[in-house]
Amino acid sequence: MNTQTALPAHPYFAQALLEWYPRHRRDLPWRHTRDPYAIWLSEVILQQTRVKQGLPYYLDFVTTYPTVHDLAAAPEEEVLRHWQGLGYYSRARNMHHTAQQVVREYGGQFPNNYAELLKLRGVGQYTAAAIASFAFGEKVAVLDGNVFRVLSRVFGITADIAAPASRKEFQLLANQLIPAEAPDEFNQAVMEFGAIQCTPVNPDCLFCPLQRECYAFQHGMVNQLPVKTKAKASRTRYFHYLVLRHGDTVYMRRRGPKDIWHGLYDFALTETETPELSALEVLDTLEALGGQVATNRAEEPVQALRHVLSHQKVEARFHSIWLEAPLPASVITTSGLAPYTASQTEELPKPIMIANYINNRLNKN
DNA sequence: CTCCCGTAGG
DNA sequence: CCTACGGGAG
């Protein structure tokens, strides 16, 4: 019976990167552990997020929630508050859900293989492969943006990396390249190489260990690869916030699903198609909420803030309004608005724009 | 301005 | 298959 496995294609590739990696790798805390919980935390945080931005969040999470049991036991809102500023907030909600699932259905032990990890919410093909290889040494090749870029350049692959159909081609190649002896080191090495040396702009080709074999370098195509179709232009949205205040409280509400910032808190909101919203309409909105302007307060200037997301621009105007009386209980029920003191407001998870407004504007008045 | 590109849901 | 979902660095 012949049980030998096929030799890796292009053995120079793994050899070069496995030699490059120990000499260039950054010293990062999740590279000192095999604890699947810590590795899972780091991978979810690093989805769509740079190491420099994610690192302080990782340190905060492993300190605040040292085990999956601690995370599972925390209120979702507290988890979201720790996530504040990191973006893609569904990651935090999914992470919290998965922590509870691991505790309830897996006895607090993370699944130990790719197929089972893939069933966890918020764990897709990349993250499942990362955890499986880093925590359990499973030979499964990760495919992230760095890997796409490196493979595209070295092997001259012109398939559009933005097209889901291209994945097959890259996955097939990566599966052939990954060595059985060190699948985890190989995965780390390719991604780190893409992050540090084979960067999107101004890659360090001069001192590249793959220069001789690299298709893009040899053909002067480094700046043309990888091929990636442009994202479509983002739309602009106009938010008009009514910052309702009474005494030392401000009214806020939790944002719902199917829009940006699900689960985070902001103020009473009217959205319009055009930038303008007349003072009259603002008062109409206020009246609909059952509120009445206090007459003994000077009108405050409208603050404007702009917030850019990858897929939409938000132009927000903040109308600070002092109420004559607290909002009636019925309005609180229907609108979801509730009064919060400054210290309570601080504890709520909020979009960065709202947190900035509160810190820079609201608390100065 | 451009670049980052993983997961879920439709 | 397609689109929605952040925030920051350069």
Side-chain angles (χ1 to χ4, degrees), chain A residues 39-57 80 82-98 101 114 117-132 141-153 159-168 170-171 187 190-192 194-196 198-204 222-237 255-264 266 305-314 316 349-356:
Chain A
I39 291 170
W40 165 72
L41 270 184
S42 74
E43 290 301 339
V44 173
I45 287 171
L46 293 176
Q47 288 167 3
Q48 306 287 296
T49 303
R50 285 183 149 73
V51 164
K52 187 176 178 186
Q53 190 196 0
L55 180 56
Y57 287 84
L80 276 171
H82 281 274
W83 198 271
Q84 180 173 301
L86 204 48
Y88 286 125
Y89 295 93
S90 62
R91 288 185 293 169
R93 296 194 313 274
N94 291 340
M95 190 175 79
H96 185 237
H97 173 95
T98 289
Q101 190 182 357
Y114 174 83
L117 285 161
L118 202 49
K119 296 177 182 174
L120 302 176
R121 195 180 294 181
V123 175
Q125 295 178 41
Y126 163 75
T127 306
I131 301 171
V142 296
L143 224 49
D144 78 341
N146 294 308
V147 180
F148 277 122
R149 185 170 56 256
V150 172
L151 296 185
S152 164
R153 284 177 177 161
D160 179 5
I161 64 168
S166 303
R167 189 185 177 89
K168 280 182 187 173
F170 286 93
Q171 190 72 63
N187 281 337
V190 183
M191 291 193 288
E192 190 76 341
I196 291 178
C198 194
T199 50
V201 179
N202 297 323
D204 187 8
V222 171
N223 293 329
Q224 278 71 53
L225 292 174
V227 173
K228 182 179 147 188
T229 53
K230 301 278 185 211
K232 67 166 192 166
S234 67
R235 64 183 171 126
T236 301
R237 302 173 67 178
R255 292 180 61 86
K258 314 223 167 165
D259 199 357
I260 58 173
W261 302 330
H262 176 199
L264 277 58
D266 62 1
L305 289 179
R306 185 172 300 197
H307 192 74
V308 181
L309 289 67
S310 61
H311 48 289
Q312 48 186 279
K313 297 182 186 68
V314 175
K350 301 167 293 292
I352 284 296
M353 181 179 70
I354 300 298
N356 286 343

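Quick note: numbers below take in every heavy atom, side chains included, and nothing from hydrogens, waters or symmetry partners. First the proteins, then the strands, lettered A, B, ... as listed; each starts at 1.
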* Could you tell me which residues satisfy salt bridge (Lys or Arg N to Asp or Glu O under 4.0 Å) with Asp259(A), sequence neighbours excluded, listed by chain and number? =>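 Listed in chain order: Arg237(A), Arg255(A).
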* Taking salt bridge (Lys or Arg N to Asp or Glu O under 4.0 Å) as the test, write out the residues that go with Lys313(A), two or more places apart. =>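 By the salt bridge (Lys or Arg N to Asp or Glu O under 4.0 Å) rule, Lys313(A) matches no residue at all.
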* **Consecutive-pair stems (3 or more, Watson-Crick or G-U, under 3.5 Å) for DNA chain B** =>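 Stem list for DNA chain B: B:1-4 with C:7-10, B:6-10 with C:1-5.
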Tell me the interatomic distance from [X], atom [atom1], to [N], atom [atom2], rounded to whole angstroms.
{"X": "Gln53(A)", "N": "dG8(C)", "atom1": "CD", "atom2": "C1'", "value": "6 Å"}
{"X": "Met353(A)", "N": "dG7(C)", "atom1": "CE", "atom2": "C1'", "value": "13 Å"}
{"X": "Trp83(A)", "N": "dG7(C)", "atom1": "CH2", "atom2": "C1'", "value": "13 Å"}
{"X": "Leu309(A)", "N": "dC5(C)", "atom1": "CG", "atom2": "P", "value": "9 Å"}
{"X": "Leu46(A)", "N": "dG6(B)", "atom1": "CG", "atom2": "C1'", "value": "12 Å"}
{"X": "Tyr57(A)", "N": "dG8(C)", "atom1": "OH", "atom2": "C1'", "value": "11 Å"}
{"X": "Ile354(A)", "N": "dG7(C)", "atom1": "CD1", "atom2": "C1'", "value": "15 Å"}
{"X": "Trp261(A)", "N": "dC5(C)", "atom1": "CH2", "atom2": "P", "value": "11 Å"}

Would you classify [X] as touching base, sugar-phosphate or nothing, given that sugar-phosphate means primed atoms plus P, OP1 and OP2, and contacts are heavy atoms under 4.0 Å?
{"X": "Asn146(A)", "result": "sugar-phosphate"}
{"X": "Ala165(A)", "result": "sugar-phosphate"}
{"X": "Tyr126(A)", "result": "sugar-phosphate"}

Holding to side chain to side chain contact (heavy atoms under 4.5 Å, CB included), I want the full list of residues that pass it with [X], two or more places apart in sequence or in another chain.
{"X": "Tyr57(A)", "result": "Ile45(A), Leu86(A)"}
{"X": "Ile39(A)", "result": "Thr33(A), Glu43(A), Ile131(A), Phe134(A), Ala135(A)"}
{"X": "Ala159(A)", "result": "Ile157(A), Ser166(A), Glu169(A), Phe170(A)"}
{"X": "Asn223(A)", "result": "none"}

Between the protein and nucleotides 8-10 of chain B, which nitrogen or oxygen pairs come in under 3.5 angstrom?
residue: dA8(B); atom: OP1; partner: Gly122(A); partner atom: N; Å: 2.2

* Kindly write out the residues that satisfy ring pair (Phe, Tyr, Trp, His ring centres under 6.0 Å) with Trp261(A), not counting sequence neighbours, or none if the list is empty. =>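 In terms of ring pair (Phe, Tyr, Trp, His ring centres under 6.0 Å), with neighbours along the sequence ignored, Trp261(A) is linked to His307(A).
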* Asked: On a whole-Å scale, what distance lies between the P atoms belonging to dC3(B) and dC5(C)?
  ->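 These two P atoms come out 22 Å apart once rounded.
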* **Side-chain heavy-atom pair Val142(A), Gln125(A) within 4.5 angstrom cut-off** =>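 Val142(A) does not reach Gln125(A) side chain to side chain.
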* Asked: Has His311(A) got a side-chain N or O lying under 4.0 Å from the OP1 or OP2 atom of dT3(C)?
  ->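 Answer is no, no contact under 4.0 Å.
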* Asked: Between Thr127(A) and dT7(B), does any side-chain N or O lie under 4.0 Å from OP1 or OP2?
  ->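 Yes, within the criterion.
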* Residues which pass side-chain hydrogen bond (donor to acceptor under 3.5 Å, both in side chains) with Thr49(A), listed by chain and number, not counting sequence neighbours ->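 Testing Thr49(A) for side-chain hydrogen bond (donor to acceptor under 3.5 Å, both in side chains), a comparison that skips the adjacent residues, returns Arg91(A).
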* Asked: More 5' along DNA chain C: Pro164(A) or Ile352(A), using each one's nearest nucleotide?
  ->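 Nearest-nucleotide comparison on DNA chain C picks Pro164(A).
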* To do: Please figure out whether Lys52(A) or Gln47(A) has its closest DNA chain C nucleotide nearer the 5' end.
  =>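 Mapping each residue to its closest nucleotide by heavy atoms, the 5'-most match is Gln47(A).
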Show me the protein contacts with nucleotides 1-3 of chain B, counting only N or O atoms at under 3.5 Å.
residue: dC3(B); atom: OP2; partner: Lys230(A); partner atom: NZ; Å: 3.0

* Between Gln84(A) and Leu264(A), does a side chain to side chain contact (heavy atoms under 4.5 Å, CB included) hold up when you go through it step by step? -> CA-CA 9 Å; Gln84(A) 180 173 301; Leu264(A) 277 58; 5.9 Å; no
* Among the nucleotides dG7(C), dC1(C), dT7(B), which one has an atom lying closest to any side-chain atom of His307(A)? ->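 Among the listed nucleotides, the one closest to the side chain of His307(A) is dG7(C).
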* Asked: Which pairs count as salt bridge (charged side-chain N to carboxylate O under 4.0 Å, His left out) when at least one residue sits in residues 47-56 of chain A, sequence neighbours excluded?
  ->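 Checked against salt bridge (charged side-chain N to carboxylate O under 4.0 Å, His left out) - neighbours excluded - no pair reaches residues 47-56 of chain A.
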* Distance-only donor-acceptor check, side chains Thr127(A) and Gln47(A), under 3.5 Å ->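 Result is yes, a qualifying pair exists.
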